[in-house]
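Structure first, then comments.
Because only heavy atoms are used, hydrogens play no part in the values below, and waters and symmetry mates are left out as well, while side chains stay in. Per chain, numbering begins at 1; letters A, B, ... match sequence-line order.
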Number of protein chains: 2
Amino acid sequence: MVDRRSGVPAFRQVAADLRQKISTGTYSPGDQLPSERELTEAYDVSRPTVRDAINMLKSEGLVTSEHGRGVFVRPPATIQRIARARLSRAARAQNKGAFLADAASRGFTPSTSVKVRFEQADVRVAEHLAIEEGAEITVRDRVMRADGLVVQLAVSRLPRDFTRGTAIEEVDTGNGGTYARLEDAGQVIGRFIEHVGARMPTPDEASLLQLADGVPVVTVTRVAYSTEGKPLEMNDMILAGDRYELSYEWLAD
Amino acid sequence: MVDRRSGVPAFRQVAADLRQKISTGTYSPGDQLPSERELTEAYDVSRPTVRDAINMLKSEGLVTSEHGRGVFVRPPATIQRIARARLSRAARAQNKGAFLADAASRGFTPSTSVKVRFEQADVRVAEHLAIEEGAEITVRDRVMRADGLVVQLAVSRLPRDFTRGTAIEEVDTGNGGTYARLEDAGQVIGRFIEHVGARMPTPDEASLLQLADGVPVVTVTRVAYSTEGKPLEMNDMILAGDRYELSYEWLAD
DNA sequence: CAGTGGTCTAGACCACTTA
DNA sequence: AAGTGGTCTAGACCACTGA
């Protein structure tokens, strides 16, 4: 039951009570919560009020609802740790990029689809690639799947000057991928920088990545620099926040 | 107006229309949306339906509502880029840790409060620190503020074996901080690994960090290893997803 | 078929902001 | 005082799931 005189809104009291029951294990991961009608009686509030409470828990990522079935405590997803260390030249020579090899080694059947197009650089792109705003760029749009499920979105952009006449402007970049073709063309990669952030997905991203309510995306922008410090490529990646974790390692001195 | 026969729920149609008006600039960052009553008339739906639509936009982080004032398009926060490269011994020798120096250089008045306590390692901690579950650990709980506002939460954990008799068990660890004291005690740090993820905040975190609806937190778990590869410390950090971006750099080979 | 969540309405009253 | 969002009700009907 809710305390009417406390000043705390009823739906928050209900949410707090359910949240506490979840964290103390009264409801375990995978368990079904009482139905909305049952909660209505238990707390003596109207159904919209119960739904407000459940909505709150959904946007916190604590529960998911399934139409016709019930509301369930969201079990933690199995987290893939992605170590950022295997972009070395040696590893690249062997395959078509980190993703395919990685997925295969985990027992997934990986697949990717790629679209290539050409655009003009906007402010952000121009800044990362150290080119003029409006300069022509090559854009490679990638959707990565594991067992048919979309697990990662990636958009790679390069100044067109570096890609003209190379397989980078083709859908199939060939053995070793984009980075290998850059080096074929004499652009030797010396350094990577990744910028990592998080935000809520757009509705499009949420449906593509099949994200439940209350699951953010991790955004990674990787910029590849030549040995002289010239930006060669930027790659915007989007990952499901509940399924991926990025690991970075460096030496103390 | 909404299309009643389309099968798409009315509140989604309203949300989609408002979302589109935000992304195309009909409403710019900082602009006030029409009031809920006005939207009720414009789309010919009830107020709860309008509120459902606005709630959706709030949990996407697109708008914020202010009681008594209105609903506003959320302006992008200024993003602080944190480069993970300044944990070098040289830099540490000069100050009390990266945060204080960093904030000061940006013109903020930084402050931190620390609590020290002792606990037993749970599964996750035991795994990261390569110790037995239940082993005694020293926990340093830190709240970091810039101009009085909480900007970061950090919980540092070390096997108690490494901290007994050192200033790490005191609130003030002295010049150079925890890492310097570890090295005083003969534990030389050789390597760092950071694990980065994202999730929605708990209500506690949201109020501490003053997060708006629809803003995730970035979680960083940094583990410091000795030169022999022994885990010395793990540090769980929580940052506001709309204000921070982490940058990592490494060489191609 | 019964039970579940999903959508929607037409109100009511409250709390807060601004003028 | 007027206008805003915040809370809450008591229904109704729909869509989906599973026995």
When you measure from the side-chain N and O atoms of [X] to the phosphate of [N], is any distance below 4.0 Å, counting only OP1 and OP2?
X: A/Arg12; N: D/dT7; answer: yes
X: A/Thr49; N: D/dT9; answer: yes
X: B/Ser65; N: D/dT4; answer: no
X: B/Arg69; N: C/dT18; answer: yes
X: A/Arg47; N: D/dC8; answer: no
X: B/Ser46; N: C/dG11; answer: no
X: B/Arg51; N: D/dG6; answer: yes

Regarding A/Glu119 and A/Arg117, does a basic nitrogen lie under 4.0 Å from an acidic carboxylate oxygen? yes
Pairing of B/Asp52 and B/Arg12 as salt bridge, 4.0 angstrom limit: no
Can you tell me how far [atom2] of [N] sits from [atom1] of [X], to the nearest Å?
X: B/Asn55; N: C/dG6; atom1: CG; atom2: P; value: 14 Å
X: B/Leu39; N: D/dT4; atom1: CG; atom2: P; value: 10 Å
X: A/Glu66; N: C/dT4; atom1: CD; atom2: P; value: 15 Å
X: A/Arg37; N: C/dA2; atom1: CZ; atom2: P; value: 14 Å
X: B/Glu36; N: C/dC16; atom1: CD; atom2: P; value: 16 Å
X: A/Met56; N: D/dC8; atom1: CE; atom2: P; value: 12 Å
X: B/Tyr43; N: C/dA10; atom1: OH; atom2: C1'; value: 21 Å
X: A/Glu41; N: C/dT4; atom1: CD; atom2: C1'; value: 15 Å

Could you say whether B/Gln32 or A/Pro9 is positioned toward the 5' end of DNA chain D, judged by the nucleotide with the nearest heavy atom to each? B/Gln32
Checking A/Val217 against A/Leu239 for the side-chain contact (heavy atoms from CB on, under 4.5 Å) test, could you report, in this order, the C-alpha distance in whole Å, the side-chain angles of both residues, the deciding distance, and whether it holds? CA-CA 5 Å; A/Val217 291; A/Leu239 296 87; over 6 Å; no
Side chain of [X] - closest among [options]:
X: A/Pro48; options: C/dA10, C/dG5, D/dA10; answer: D/dA10
X: A/Ser35; options: C/dT9, C/dT4, C/dG6; answer: C/dT4
X: B/Lys58; options: C/dT4, D/dG6, C/dC8; answer: D/dG6

Face-to-face contact B/His67 to C/dA15 six-ring, under 5.5 Å, under 30°: yes
Where do A/Pro216 and B/Pro216 come nearest, in terms of heavy atoms and distance? CB-CB, 3.6 Å
B/Leu39 and its side chain to side chain contact (heavy atoms under 4.5 Å, CB included) partner, picked from B/Ile54, B/Val14, B/Val45, B/Asp17: B/Ile54
